[in-house]
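Structure first, then comments.
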Amino acid sequence: MSAPAPSPLAIVDAEPLPRQEEVLTEEALAFVAELHRRFTPRRDELLARRAERRAEIARTSTLDFLPETAAIRADDSWRVAPSPAALNDRRVEITGPTDRKMTINALNSGARVWLADFEDASAPTWENVILGQLNLIDAYTRRIDFTDPVSGKSYALKDADELATVVMRPRGWHLDERHLQVDGEEVPGALVDFGLYFFHNARRLLDLGKGPYFYLPKTESHLEARLWNDVFVFAQDHVGIPQGTIRATVLIETITAAYEMEEILYELRDHASGLNAGRWDYLFSIVKNFRDGGTRFVLPDRNAVTMTAPFMRAYTELLVRTCHKRGAHAIGGMAAFIPSRRDAEVNKVAFEKVRADKDREANDGFDGSWVAHPDLVPIAMESFDRVLGDRPNQKDRLREDVHVEAADLIAVDSLDAKPTYPGLVNAVQVGIRYIEAWLRGLGAVAIFNLMEDAATAEISRSQIWQWINAGVEFENGLKATPELAREVAADELANLRAELGEEAFAAGHWQQAHDLLLEVALDEDYADFLTLPAYRLLRG
């Protein structure tokens, strides 16, 4: 008797979308289902391992480089695979979600790379997940255009040689996709996003002289990188393209990953392209992991933690040193400023800060950096052009002068800045405003002239939680308490109601956003990710 055929991947509780059958083909769904069967059990084991490691940090309040992988770090002979031509020059990268207008604008932006984001800059509604894939297919086949229904302005792609190279970011390992299930079990969002994109576009991208390139978010260990590498090996064999065609850049945006940078590159070495320094998620990870480590781990206001802070400097310097030692690109952090159409003075001050930040990164040895808005591309480009000239990167700059000890990466108390009451107010304001937009399906949101994404909301709610649990006293004599946070949140809700008007306020998700922020900021049991309870509230 022959074995029963594997259960197909089921689409659950999802409204049909126009042209979804072009993405959700029988073959593509079978591929995603096979990814799920092969790799989700290991994903589950690795999530359990995260919890065990976090418990160990709670006991010890420290981290160190891994003794069991010392030989990998000591072996100077290995390098990652040489960079493909399309990823050799990455001096400016623009980030953003894969809606139709952003797809065209990002590809046309003049940046060398577009991080096409299915993760923190995208709320995972069914529409965003599926139509985002469709927009990328349409871009590669040059069937994409867009007319703004409000302004009437039309958007179309430039010539192929003027377009940015796409590096796609799937969701992190911790997030599931409720609308796609195998035997009643939700498929990890990472495998859905990767699987659909790779299945439809791998060969198409090779025909265009590029390839399937990925950013890997929220990685916490080299074992998680090893899982991604095994996914890549299987996927390339499945569609019959050469091993090493896939290239991955890993975001070092968790404190545990910062201690395993070399090992992460080693696990992915045939597919590795580089590492990236992701600021807000990195700070969020420090708070999350060391939240019961006492006052020496209490972070000040998020805007007071610049990349020149000693522990942040240790992290970025080590990242450049590690990447260049192994032949990989080192990609810097985000310039999140959104230019004002009304206030030239605000722009002038912000542009100078962006310029100083990108100058620092280029001079430190980074090979490229991120911006959130097309107007920032020329500023960042100028900083890297000045250092790189005609060279595509500066991987030959080995930064052998850098020496970072394990304790340097968690020396949070090296900062002089303290938490402030205005910092608490800002955390509440940004948290409520971002979550409300996310619940409407928006993942990248301009708030107070900054492009915010889920990482910003995470650091906001984490700081509220940390300050309360550490008993922080602010400069005005008020103490961080649940009652004070509720008071500030109630004031913000009232201000929003007055600012928006009753009708617009009622049409939004403001009360839900307020309640969810307080839930994840005040609960004694700290939620690992804000997006997990938020996803339960997300419609569509």
Side-chain angles (χ1 to χ4, degrees), residues 49-70 73 217-225 250-265 275-323 330 332-333 364 399 402-419 423 455 458-472 526 528-529:
R49 188 177 180 276
R50 285 183 179 183
E52 292 165 8
R53 193 173 198 187
R54 163 49 208 151
E56 178 65 20
I57 293 169
R59 284 194 296 273
T60 63
S61 289
T62 193
L63 273 169
D64 204 345
F65 301 106
L66 300 179
E68 63 267 31
T69 53
R73 297 192 299 275
K218 307 287 192 292
T219 301
E220 296 197 14
S221 75
H222 70 286
L223 297 179
E224 294 180 16
V250 180
L251 291 116
I252 303 298
E253 55 186 353
T254 67
I255 185 62
T256 52
Y259 287 86
E260 300 182 37
M261 292 190 213
E262 287 195 78
E263 294 91 330
I264 286 168
L265 286 176
L275 304 176
N276 169 276
R279 177 181 175 189
W280 294 133
D281 264 321
Y282 189 73
L283 294 176
F284 156 53
S285 174
I286 290 174
V287 174
K288 176 161 66 173
N289 280 286
F290 291 94
R291 61 184 183 266
D292 33 27
T295 55
R296 70 191 180 97
F297 290 106
V298 172
L299 285 171
D301 302 359
R302 69 165 182 146
N303 292 324
V305 187
T306 67
M307 298 306 277
T308 59
F311 71 101
M312 296 298 282
R313 191 114 180 98
Y315 150 62
T316 56
E317 297 265 77
L318 181 61
L319 189 145
V320 173
R321 168 87 177 95
T322 301
C323 285
D364 281 350
R399 291 306 311 271
V402 170
H403 300 285
V404 173
E405 302 295 329
D408 298 338
L409 293 168
I410 50 174
V412 176
D413 54 355
S414 61
L415 276 175
D416 292 331
K418 305 289 183 209
E458 292 286 24
I459 189 63
S460 295
R461 66 96 178 192
S462 296
Q463 292 203 292
I464 299 167
W465 194 99
Q466 185 186 49
W467 295 346
I468 289 170
N469 283 273
V472 163
Y526 179 97
D528 277 346
F529 293 95

Met307/Met312 under side-chain contact (heavy atoms from CB on, under 4.5 Å): CA gap, chis, key distance, verdict
CA-CA 5 Å; Met307 298 306 277; Met312 296 298 282; 3.7 Å; yes

For Asn276 and Val250, indicate whether the former's side chain and the latter's backbone hold a donor-acceptor pair under 3.5 Å.
no

Of all heavy-atom pairs between Gly293 and Ser61, which one has the smallest distance, and what is that distance?
CA-OG, 3.6 Å

Does any non-hydrogen side-chain atom of Trp465 lie less than 4.5 Å from one of Val287?
no

Check the orientation of Phe290 and Phe297. Use parallel for under 30°, tilted for 30 to 60°, and perpendicular for over 60°.
parallel

Quick one: do Val404 and Arg321 satisfy side-chain contact (heavy atoms from CB on, under 4.5 Å)? Show the steps, please.
CA-CA 10 Å; Val404 173; Arg321 168 87 177 95; over 6 Å; no

Consider side-chain contact (heavy atoms from CB on, under 4.5 Å). Of Leu318, Leu265, Val320, Leu251, which one does Leu275 pass it with?
Leu265

If you apply the rule side-chain contact (heavy atoms from CB on, under 4.5 Å), what do you find for Val472 with Val298, and how did you get there?
CA-CA 9 Å; Val472 163; Val298 172; 4.0 Å; yes

Parallel under 30°, tilted from 30 to 60°, perpendicular over 60°: which one fits the rings of Phe529 and Phe284?
perpendicular

List the atom of Ala330, the atom of Leu319, and the distance in Å for their closest heavy-atom pair.
CB-CD2, 3.8 Å

For a 4.5 angstrom cut-off between non-hydrogen side-chain atoms, does Ile264 reach Thr219?
yes

For residues Arg461 and Tyr526, determine if any side-chain heavy atom of one lies less than 4.5 Å from a side-chain heavy atom of the other.
yes

One should read off an interatomic distance between Ile252 CD1 and Met261 CE, to the nearest 0.5 angstrom, of 5.5 Å

Roughly how far, to the nearest 0.5 Å, is the OG1 atom of Thr295 from the CG atom of Asp413?
8.0 Å

First locate atom CZ of Arg50, then atom CG of Leu223, and finally report the distance between them rounded to the nearest 0.5 Å.
11.5 Å

Value rounded to 0.5 Å, distance of CD in Gln466 from CG in Asp292
10.0 Å

Applying side-chain hydrogen bond (donor to acceptor under 3.5 Å, both in side chains) to Thr60 and Thr62, what does each step give before you reach the verdict?
CA-CA 5 Å; Thr60 63; Thr62 193; 5.8 Å; no

Test side-chain contact (heavy atoms from CB on, under 4.5 Å) on Arg54 and Arg291 and set out the steps.
CA-CA 10 Å; Arg54 163 49 208 151; Arg291 61 184 183 266; 3.3 Å; yes

Should Pro419 and Gln463 count as side-chain neighbours, where that means a heavy-atom distance under 4.5 Å?
no

Tyr282 side chain reached by Thr316 side chain, heavy atoms, under 4.5 Å:
no

Below 4.5 Å, heavy atoms only, C-beta onward: do Leu63 and Leu409 meet side chain to side chain?
no

Evaluate whether atom CD of Glu56 has more than 12 neighbouring non-hydrogen atoms of other residues, nucleotides or ligands under 6.0 angstrom away.
yes

To the nearest 0.5 Å, atom OG of Ser285 lies from atom CD of Glu253 at 9.0 Å

Polar side-chain atom of Arg49 near backbone of Glu224 as donor-acceptor pair, under 3.5 Å:
no

Would you call Ile57 and Ile255 a side-chain contact if the rule is heavy atoms closer than 4.5 Å?
no

Taking the side chain from Tyr259 and the backbone from Leu66, do they hold a donor-acceptor pair closer than 3.5 Å?
no

Which residues pass the salt bridge (Lys or Arg N to Asp or Glu O under 4.0 Å) test with Arg53, sequence neighbours left out?
Glu260

Tightest non-hydrogen contact, residues Glu317 and Asp364, listed as OE1-CG, 4.0 Å

Salt bridge flag under 4.0 Å for residues Lys288 and Asp281
no

What are the two closest non-hydrogen atoms of Arg279 and Thr306, and how far apart are they?
NH2-CA, 3.8 Å

Is a side-chain N or O of Trp467 found less than 3.5 angstrom from the main chain of Pro300, in a donor-acceptor match?
no

Side-chain contact test, heavy atoms from C-beta onward, threshold under 4.5 Å: evaluate it for Ile410 versus Ile286 and give yes or no.
no

